[in-house]
K.L.:
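The structure under discussion is supplied below as structure tokens; questions concerning it will follow.
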Amino acid sequence: MRYLFTIIAVFICGVSVYADSFFRCDLYGKSNGVKLIPTQNEGELKTLPPSWLKEEDRVFSLTVSSPKLGDEWQTVKFSFKTEGEGAIALNFMAQYSKDVQSRGWILTKDIAVNGKMLPNGDLKKVTERNGKPIPVGFNLSGTARLIEEDGAPAAVVNHDNRLTHSLKVEANTAYTIELKVKAGTPPAKD
């Protein structure tokens, strides 16, 4: 009987305590008239115009999503082309769920564009805004936080609490975004 209890306890403790976590990135170019065109991606990533936007706005936006993430760092890589130049918004987050408690959290770090680390893409340079550490060149919304994970900075985000970056793009150019992600848990409350 004691062995059965031990096996049950190990099983219960070994079950994940966080909601399913899926990487998502929304890209927006409307404010500068930059149209975004999806291109072929590696692996199982999906890149589509967001269905929740008005038809006329979809040409300026893309949403990228991954299959369920695990506990180990993995690299996600997605590509798109531009029509028009200016800044586009990159919103790194986790997937949406109708149930707020089911909105999973992810960790993200080491963000590169076309094979080169973004300025501060390793999230190491930090400034403070309203008492909250923010990676220079990025923004953290809501309760998204910068934490140390595996000896390096990482942003812990979900659908409602995002890591954002403004990326300057040139017209008629292909871009590939590459970053590391893994499933996470909600950040500790301040």
Side-chain angles (χ1 to χ4, degrees), residues 21-67 69 73-96 103 106-127 129 132-142 144 146 152-182:
S21 299
F22 301 84
F23 166 75
R24 180 169 140 192
C25 183
D26 288 350
L27 298 84
Y28 296 105
K30 185 177 180 182
S31 62
N32 289 310
V34 179
K35 292 182 180 179
L36 303 171
I37 302 145
T39 59
Q40 186 66 32
N41 289 318
E42 296 178 12
E44 300 179 63
L45 291 179
K46 293 179 185 172
T47 304
L48 303 165
S51 60
W52 58 89
L53 293 179
K54 294 177 187 174
E55 188 70 36
E56 62 269 17
D57 293 338
R58 292 181 189 170
V59 296
F60 301 104
S61 305
L62 292 174
T63 188
V64 180
S65 59
S66 77
L69 300 175
W73 288 108
Q74 65 186 70
T75 299
V76 294
K77 194 178 201 179
F78 58 92
S79 301
F80 59 94
K81 290 182 183 175
T82 58
E83 283 186 14
E85 65 180 49
I88 65 168
L90 301 175
N91 296 280
F92 301 102
M93 67 185 91
Q95 194 62 284
Y96 175 79
R103 294 180 188 165
I106 66 167
L107 296 171
T108 183
K109 66 179 185 175
D110 297 339
I111 304 165
V113 176
N114 291 344
K116 294 182 181 177
M117 185 74 70
L118 272 177
N120 200 35
D122 59 6
L123 310 177
K124 289 182 179 178
K125 293 179 187 163
V126 177
T127 188
R129 195 175 310 139
K132 180 178 175 179
I134 306 288
V136 173
F138 291 84
N139 191 37
L140 290 170
S141 68
L146 197 60
V156 57
V157 299
N158 80 349
H159 180 270
D160 303 323
N161 306 280
R162 304 169 179 189
L163 173 70
T164 60
H165 178 75
S166 180
L167 178 67
K168 187 169 178 159
V169 297
E170 297 176 5
N172 304 312
T173 304
Y175 289 88
T176 298
I177 310 293
E178 185 174 346
L179 64 149
K180 291 184 180 170
V181 295
K182 72 176 184 174

K.L.:
Can you tell if the side chain of D110 reaches within under 4.5 Å of the side chain of L179, non-hydrogen atoms only?
P.N.:
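No. Closest side-chain heavy atoms not under 4.5 Å.
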K.L.:
Could you check I111, V126, V136 and say which one makes a side chain to side chain contact (heavy atoms under 4.5 Å, CB included) with N120?
P.N.:
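Output: one option passes, namely V136.
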K.L.:
Measure from the side-chain N and O atoms of T63 to the backbone N and O of P50, and report whether any donor-acceptor pair falls under 3.5 Å.
P.N.:
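Checking the backbone N and O of P50 against the side chain of T63, no donor-acceptor pair under 3.5 Å is found.
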K.L.:
How close do S61 and Y28 get, counting heavy atoms only, and between which atoms?
P.N.:
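Minimum heavy-atom contact is OG-CD2, 3.2 Å.
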K.L.:
Please determine whether the number of non-hydrogen atoms from other residues, nucleotides or ligands lying under 6.0 Å from atom CD of E170 exceeds 12.
P.N.:
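Not buried by this count: 12 neighbours or fewer within 6.0 Å.
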K.L.:
Could you name each residue pair satisfying salt bridge (Lys or Arg N to Asp or Glu O under 4.0 Å) that touches residues 24-39, not counting sequence neighbours?
P.N.:
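Qualifying pairs, neighbours excluded: R24-D26, K30-D57.
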K.L.:
Is the number of heavy atoms from other residues, nucleotides or ligands under 6.0 Å of E56 CD greater than 12?
P.N.:
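Yes, because the 6.0 Å sphere around CD of E56 holds more than 12 heavy atoms from other groups.
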K.L.:
Does T39 reach the main-chain N or O of S79 with its side chain, forming a donor-acceptor pair under 3.5 Å?
P.N.:
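Checked: pair present.
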K.L.:
Report the residues that fulfil side-chain hydrogen bond (donor to acceptor under 3.5 Å, both in side chains) with N161, sequence neighbours left out, ordered by chain and then residue number.
P.N.:
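Testing N161 for side-chain hydrogen bond (donor to acceptor under 3.5 Å, both in side chains), a comparison that skips the adjacent residues, returns T143, N158.
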K.L.:
Got P135 and L146 here, is their nearest side-chain heavy-atom distance under 4.5 Å?
P.N.:
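The answer is yes, as the side chains (C-beta and beyond) meet within the 4.5 Å cut-off.
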K.L.:
When rounded to the nearest 0.5 angstrom, what distance separates CG in L163 from CG in N91?
P.N.:
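If we round to the nearest 0.5 Å, L163:CG and N91:CG are 9.0 Å apart.
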K.L.:
Testing L118, I88, I177 for side chain to side chain contact (heavy atoms under 4.5 Å, CB included) with H165, which one passes?
P.N.:
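Of L118, I88, I177, side chain to side chain contact (heavy atoms under 4.5 Å, CB included) with H165 is met by L118 alone.
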K.L.:
Is it true that a side-chain atom of T108 and a backbone atom of A155 form a donor plus acceptor pair closer than 3.5 Å?
P.N.:
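Checked: no pair found.
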K.L.:
Might you work through the side-chain contact (heavy atoms from CB on, under 4.5 Å) test for Y96 and W52, ending with a clear yes or no?
P.N.:
CA-CA 12 Å; Y96 175 79; W52 58 89; over 6 Å; no
K.L.:
When rounded to the nearest 0.5 angstrom, what is the spacing between CD1 in I134 and CG in N139?
P.N.:
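Between I134 CD1 and N139 CG, I get 5.5 Å after rounding to 0.5 Å.
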K.L.:
Under the 3.5 angstrom rule, does the side chain of N114 hit a backbone N or O of T176 as a donor-acceptor pair?
P.N.:
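Answer holds: yes.
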K.L.:
Out of curiosity, I37 CD1 to T47 OG1, how far, rounded to the nearest 0.5 Å?
P.N.:
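It is 13.0 Å, given to the nearest 0.5 Å.
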K.L.:
Check whether any side-chain heavy atom of D122 lies under 4.5 Å from a side-chain heavy atom of K109, and answer yes or no.
P.N.:
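SC-SC contact between D122 and K109 ruled out.
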K.L.:
Minimum heavy-atom separation for V157 and R162, please, with both atom names.
P.N.:
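Heavy atoms of V157 and R162 come nearest at CG1-C, 3.9 Å.
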K.L.:
If you look at every heavy atom in F138 and R129, which pair is closest and at what distance?
P.N.:
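What the structure gives for the nearest pair is O-NH2, 4.0 Å.
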K.L.:
Which residues pass the side-chain hydrogen bond (donor to acceptor under 3.5 Å, both in side chains) test with E55, sequence neighbours left out?
P.N.:
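Residues passing side-chain hydrogen bond (donor to acceptor under 3.5 Å, both in side chains) with E55: R58.
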K.L.:
Stepwise, does the side-chain contact (heavy atoms from CB on, under 4.5 Å) test hold for F78 with L62?
P.N.:
CA-CA 11 Å; F78 58 92; L62 292 174; over 6 Å; no
K.L.:
If I take atom CD from residue E85 and atom CG from residue N32, how far apart are they, to the nearest 0.5 angstrom?
P.N.:
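Spacing of CD (E85) from CG (N32) equals 9.5 Å.
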K.L.:
Please report the interatomic distance OG(S66) to CD(Q95), rounded to the nearest 0.5 Å.
P.N.:
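So the gap between those two atoms works out to 8.0 Å.
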K.L.:
Whether the side chain of K132 engages the backbone of A144 through a donor-acceptor N/O pair (distance < 3.5 Å, no angle test) should be reported.
P.N.:
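Answer holds: yes.
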K.L.:
Would you compute the distance between atom CD1 of I106 and atom CZ of F92 and round it to the nearest 0.5 angstrom?
P.N.:
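Rounded to the nearest 0.5 Å, the CD1-CZ separation comes out at 9.5 Å.
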K.L.:
For the residue pair E83 and V34, establish whether any side-chain heavy-atom pair is separated by less than 4.5 Å.
P.N.:
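In short, these two side chains do not touch, never coming nearer than 4.5 Å.
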